[in-house]
A.B. asks: 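Starting off with a structure, shown below.
All residue numbers in this chain count up from 1 along the given sequence.
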Amino acid sequence: MNGNAEDFSCSGIDLRSRVPFEDMGGTAGNDLWGWVDSQTHDEYALMGMTSGTAFVNVTDAEAPVFLGVLPTETIDSSWRDIKVFNDHAFIVADAAGAHGMQVFDLTRLRDVSAPQTFTADVVYGDFANAHNLAINEASGFAYAVGTNTCGEGLHMIDISTPVNPMFSGCHSAIDTHDTQCVDYIGPDPDHADSEICFSAANLEAPDPNAPDGGVARLEITDVTMKSSPLQLSLTPYPESGFSHQGWLSEDQRFFLLGDELDEIDFNVPTRMHIFDVTDLDMPVYISAYEAATSSIDHNLYVTGNHVFEASYTSGLRVLEFDDLANGQLTEVAFFDTFPADDAVDFSGAWSVYPYLPSGNILVSDRTNGLFVLTLQ
């Protein structure tokens, strides 16, 4: 009401509930993903914390139920990443020693009546640390990035049998920070029916021959053959700081990329970079959308013609697009999960999950916990 929900400024988004870390057995947070039980249709938030992963039933958006926590496999970490495939959660951590990839059967949550401390069903140990994890649910392959293997590039894992993950190959051409891997159905006929990864990647050192002289890149790789992945393109963009994460439009024609350092390095407003990837071998940089905020953008996801972006101290921002070919993006809603300030730093909203069938939106805030929101 009057531009606020409790202490949080907002527009076009309702606060359904918030779960602080003290109610989840933690002290600080990071990544987030969601799961829908195909049997009961219950909805769950999988909330990354420095100390592990919390499981919260959010079916009743106004009365979420904390079910327990899967502790870290080693030590606390500021970086945890979670994805879901075939009713199993796959969890990695960075700067946490030989953590590996935890695999947890989410159906174990069905009959929980009181909060529990869980153990992983399996721990995959072919890498120690990983910064991020992507899963192509259509192919049944996981892609760990920023590991101590594969030159910090794509570490590919067959997870078709979730409790028996099998190493399948490396793509070690460039240090990869995050990736989205899909069965390609986009407009480039040369790569029809291929499995393609779109990666936020960074060179080890500036390239003096590149137009921007920076290190940040969009890498596109054909990973159909896991034993011999093929880099299709490596595209720079202007005023690049650190290529962080991005997501495809649903027609796979455009890729939206967030850079985690351009706001700091170039004193620019919050930016989102737009690429035309109609030709996978020769993507075209279109432009950068600049927001009214100055915060650092973090993780973003696309559903329909909306972009849901966790934008650190500015919280969740929701953008709408109709003409990406001309760089058109418009903010239509926001919810500031971090009202303390709008500093250009790494406090606030880390990630967002906008794919629950109910339409409810999950947001993780590093300080303020788990938010369950609804777009008006």
A.B. asks: Ignoring hydrogens and angles, tell me if any N or O in the side chain of Q328 forms a donor-acceptor pair with the backbone of D323 under 3.5 Å.
C.D. replies: yes
A.B. asks: Applying salt bridge (Lys or Arg N to Asp or Glu O under 4.0 Å), run through D81 and K83 and close with a yes or a no.
C.D. replies: CA-CA 7 Å; D81 205 63; K83 296 296 184 294; 2.9 Å; yes
A.B. asks: Strictly by modelled atom types, are S295 and S311 linked by a side-chain donor-acceptor pair under 3.5 Å?
C.D. replies: yes
A.B. asks: Could you label the plane-to-plane angle of the Y353 and Y355 rings as parallel, tilted or perpendicular, counting under 30° as parallel and over 60° as perpendicular?
C.D. replies: perpendicular
A.B. asks: For V277, run the side chain to side chain contact (heavy atoms under 4.5 Å, CB included) check against D188, I196, V284, L248 and tell me which one passes.
C.D. replies: L248
A.B. asks: Consider only side-chain N and O atoms of Q376 and D14, and report whether a donor and an acceptor are under 3.5 Å apart.
C.D. replies: yes
A.B. asks: For a 4.5 angstrom cut-off between non-hydrogen side-chain atoms, does L256 reach V307?
C.D. replies: yes
A.B. asks: Side-chain donor-acceptor pair under 3.5 Å between H171 and E219, yes or no?
C.D. replies: yes
A.B. asks: Tell me, yes or no, whether the heavy-atom count around D193 atom CG, taken from other residues, nucleotides or ligands under 6.0 Å, exceeds 12.
C.D. replies: no
A.B. asks: Pairs under 3.5 angstrom only: tabulate donor-acceptor contacts from the side chains of residues 90-101 to other protein residues two or more places apart or in another chain.
C.D. replies:
from	atom 1	to	atom 2	distance (Å)
D94	OD1	N129	ND2	3.2
D94	OD2	H131	ND1	2.8
H99	NE2	E73	N	3.3
H99	NE2	R80	NH1	3.4

A.B. asks: Can you tell me if E309 and N299 form a side-chain donor-acceptor pair at under 3.5 Å?
C.D. replies: no
A.B. asks: Could you see if F242 belongs to whatever hydrophobic cluster contains W247? Use Ile, Leu, Val, Met, Phe, Trp, Tyr and a side-chain cutoff under 4.5 Å.
C.D. replies: no
A.B. asks: Within a radius of less than 6.0 Å around CG of D322, do more than 12 heavy atoms belonging to other residues, nucleotides or ligands occur?
C.D. replies: yes
A.B. asks: Should the pair R271-D297 be classified as a salt bridge under the 4.0 Å nitrogen-to-oxygen rule?
C.D. replies: no
A.B. asks: Please walk me through it: do W33 and Y301 pass ring-ring contact (aromatic ring centres under 6.0 Å, His included)?
C.D. replies: CA-CA 11 Å; W33 206 248; Y301 296 97; 5.5 Å; yes
A.B. asks: Sequence neighbours left out, what passes salt bridge (Lys or Arg N to Asp or Glu O under 4.0 Å) with D60? Give chain and number order.
C.D. replies: none
A.B. asks: How would you list, by chain and number, every residue that makes a side-chain contact (heavy atoms from CB on, under 4.5 Å) with P339, sequence neighbours excluded?
C.D. replies: F8, N368
A.B. asks: Side chains of T313 and S347: any donor to acceptor distance under 3.5 Å?
C.D. replies: no
A.B. asks: ring-ring contact (aromatic ring centres under 6.0 Å, His included) for H155 and F127? Distances and angles first, verdict last.
C.D. replies: CA-CA 9 Å; H155 180 116; F127 58 76; 5.0 Å; yes
A.B. asks: Tell me whether the rings of Y285 and F275 are parallel (<30°), tilted (30 to 60°) or perpendicular (>60°).
C.D. replies: perpendicular
A.B. asks: Got a salt bridge between R110 and D42, using NZ or NE/NH1/NH2 to carboxylate O under 4.0 Å?
C.D. replies: no
A.B. asks: Salt bridge between R18 and E6, side-chain N to carboxylate O under 4.0 Å?
C.D. replies: no
